[in-house]
J.: 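One structure follows; several queries about it will come next.
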Amino acid sequence: MSDSKTTEELFFDKSEMSNSSVQDLLSNTLRRSDDGELFFEYEQSESFIFDDGILRSANFDTNQGFGLRAIHDQTVAYAHSSELTEKAIKRASKTVNSVQSGHDGTVNDEIAKTNQKLYCEDNPLDSIPFSKKVKVLEDIDKFVRGLDNRVKQVTASLAGSWQAVRIMRANGREASDIRPLVRLNISCVVGKNNKMESGSYGAGGRETYENFLKNDFWEGAAKEAFRQAIVNLDSIGTPAGEMPVVLGPGWPAILLHEAIGHGLEGDFNRKKTSAFSELLGEKIASSGVTVVDDGTIENRRGSLTIDDEGTPTQRTVLVEDGILKSYMHDRTNARLMGHKPTGNGRRESYGHAPMPRMTNTIMINGNDEPDEIISSVKKGLYAVNFGGGQVDITSGKFVFSCTEAYLIENGKVGNAVKGATLIGNGPDVLKRITMIGNDMSLDPGVGTCGKDGQGVPVGVGQPTILLNELTVGGTEI
């Protein structure tokens with residue numbers, strides 16, 4: 001990717017340093033390293049929360065800084081600062097050089113170039129006036145309250161950011177990227193008699209606000225949040241036990257992301273702490289199961305033109321027809337394992353060193369009709385939406401809570417149930433998939449993944465799938 005004039009202005013023209021002097025300093029700093037880079041970041045962000053009929057908060061923030069990393073075998077030295085000056089970079093250089101004693105490595109400066117362009121460079125914060133953003137949130141509040149007299153409370157929020165990054169390497173190669181990101185969220189609380197329930201819907205992506213603030217879009221999102229709340233209001237208790245489970249398309253792939261996605265990240269497998277360690281080429285899932293991590297889908301929340309080490313993102317086939325084909329790698333773990341980087345080196349900000357992280361993790365379509373999948377189940381659970389979950393990477397064990405689920409009885413979707421949880425382990429659940437739908441869809445753009453204290457935006461997707469048996473935790477036996 002060619003250097004962007006905007007990033008040069010942000011990181012050099014307005015600060016007390018020049019591009020050439022920083023490049024000389026970087027080359028000298030990393031001369032005895034196996035790898036490393038200088039990462040610059042400038043970010044503007046804003047958020048608005050309209051709650052209970054009033055604008056509760058409106059925040060704006062500007063964040064900038066750099067992170068300097070030197071890698072010696074498996075040792076990582078990292079220094080960062082919010083001060084964009086040559087003096088600050090020199091101090092960081094002394095810090096990372098302190099761990100190089102006795103090391104005589106060769107800098108791995110190979111970095112692929114790319115012409116891919118996955119999203120616009122426009123700043124979402126400037127695309128729509130402040131007054132219109134607040135007016136849309138106010139309109140959402142009034143609209144949801146007008147849907148039904150059971151609506152007791154409404155919360156609508158907007159968040160947007162514009163991030164510019166620049167990555168410099170010791171051999172003079174550079175890469176840069178400008179990343180917009182927006183998100184709209186709507187939630188409501190409904191009540192009947194003495195029972196109160198909530199529903200929510202969110203959407204976003206790497207673009208500006210325009211598409212999300214159109215009346216037809218936010219009205220549809222508001223109706224969906226209300227629908228989910230009413231479903232929960234009319235729900236019954238969940239029967240517990242072992243039973244077939246149908247996962248709906250789209251967002252339910254968050255179970256895939258957590259239950260097996262993290263286990264396929266390179267660092268866990270290099271350290272042999274993943275349940276999938278040393279299983280490349282082995283059958284780990286049912287035939288027909290193909291899973292990819294794809295950072296190249298235009299405008300998606302988890303997509304990146306380049307990762308935070310400068311490697312272009314790609315479509316990595318992780319599991320193909322049930323066979324484990326690849327892990328997700330940053331540069332360090334790829335080098336130590338003798339593999340190639342896959343464009344999955346990500347960091348939350350300049351204050352963090354990169355590590356292997358997912359982008360958009362997707363199960364590919366099968367051949368089954370969704371209606372046929374449901375009709376094949378005599379008695380089971382249909383899980384449509386998920387909330388929080390926990391997973392143990394080493395064992396693969398997971399627990400997920402369903403925010404929208406239904407009983408399946410005699411091949412038909414029945415009553416909505418409340419309090420359903422899914423319990424299992426990742427390696428096992430892949431082998432329990434017996435039917436794969438042809439209705440693959442992506443989530444609406446709301447995912448944030450946490451790992452080692454860092455959060456990054458991600459995406460998921462899948463078709464309707466049938467798990468022949470899974471433990472369901474509920475409120476009734």
J.: The criterion is salt bridge (charged side-chain N to carboxylate O under 4.0 Å, His left out); which residues satisfy it with R347, sequence neighbours excluded?
T.: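 By the salt bridge (charged side-chain N to carboxylate O under 4.0 Å, His left out) rule, R347 matches E37.
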J.: Quick one, I230 and R150 - any side-chain contact, counting heavy atoms below 4.5 Å?
T.: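 Contact flag for I230/R150 side chains = yes.
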J.: Treating S286 as the side-chain partner and L430 as the backbone partner, does any N or O pair qualify as donor plus acceptor under 3.5 Å?
T.: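 Flag set: sc S286 to bb L430 pair under 3.5 Å.
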J.: Could you check, using the six-membered ring where one of them is a Trp, whether Y42 and F40 have ring centers closer than 6.0 angstrom?
T.: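 For Y42 and F40, the ring centres are not under 6.0 Å apart.
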J.: Measure the spacing between CH2 of W162 and CD of E43 and express it to the nearest 0.5 Å.
T.: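 Here the interatomic distance stands at 10.5 Å.
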J.: Please check if any side-chain donor atom of T359 sits under 3.5 Å from a side-chain acceptor atom of D293, or the reverse.
T.: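 The criterion, which ignores hydrogens and geometry beyond distance, is satisfied for D293 and T359.
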J.: Identify the residue among R69, R331, R346, R357 that makes a salt bridge (charged side-chain N to carboxylate O under 4.0 Å, His left out) with E309.
T.: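 When salt bridge (charged side-chain N to carboxylate O under 4.0 Å, His left out) is applied between E309 and each of R69, R331, R346, R357, only R69 qualifies.
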J.: Does the side chain of S303 come under 3.5 Å of the side chain of N360 through a donor N or O and an acceptor N or O?
T.: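 Result is yes, a qualifying pair exists.
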J.: More than 12 non-hydrogen atoms from neighbouring residues, nucleotides or ligands closer than 6.0 Å to NZ on K283, yes or no?
T.: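 It does: K283 NZ has more than 12 such atoms within range.
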J.: Heavy-atom distance under 4.5 Å between the side chains of L213 and L158, does that happen here?
T.: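 Yes - at least one pair of side-chain heavy atoms lies under 4.5 Å apart.
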J.: If the condition is ring pair (Phe, Tyr, Trp, His ring centres under 6.0 Å), which residues does F217 pass it with, not counting sequence neighbours?
T.: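 Ring pair (Phe, Tyr, Trp, His ring centres under 6.0 Å) list for F217, sorted by chain: F212.
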J.: Between R179 and D308, does any NZ, NE, NH1 or NH2 come within less than 4.0 Å of an OD or OE carboxylate oxygen?
T.: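 Yes, charged N to carboxylate O under 4.0 Å.
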J.: Once ring-ring contact (aromatic ring centres under 6.0 Å, His included) is applied, what residue pairs with a partner in residues 332-391 remain, sequence neighbours excluded?
T.: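 Those involving residues 332-391 are H329-H339.
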J.: Hey, are E298 and K117 close enough for a salt bridge, meaning a charged N less than 4.0 Å from a carboxylate O?
T.: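 Here E298 does not pair with K117 in a salt bridge, since their nearest N and O are not under 4.0 Å apart.
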J.: Are any of the side-chain nitrogens in K418 or D234 under 4.0 Å away from the carboxylate oxygens of its partner?
T.: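 The answer is no: the pair does not qualify as a salt bridge.
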J.: Answer yes or no: is there an ion pair linking E174 with R169, defined by an N-O contact shorter than 4.0 Å?
T.: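 No, E174 and R169 are not salt-bridged.
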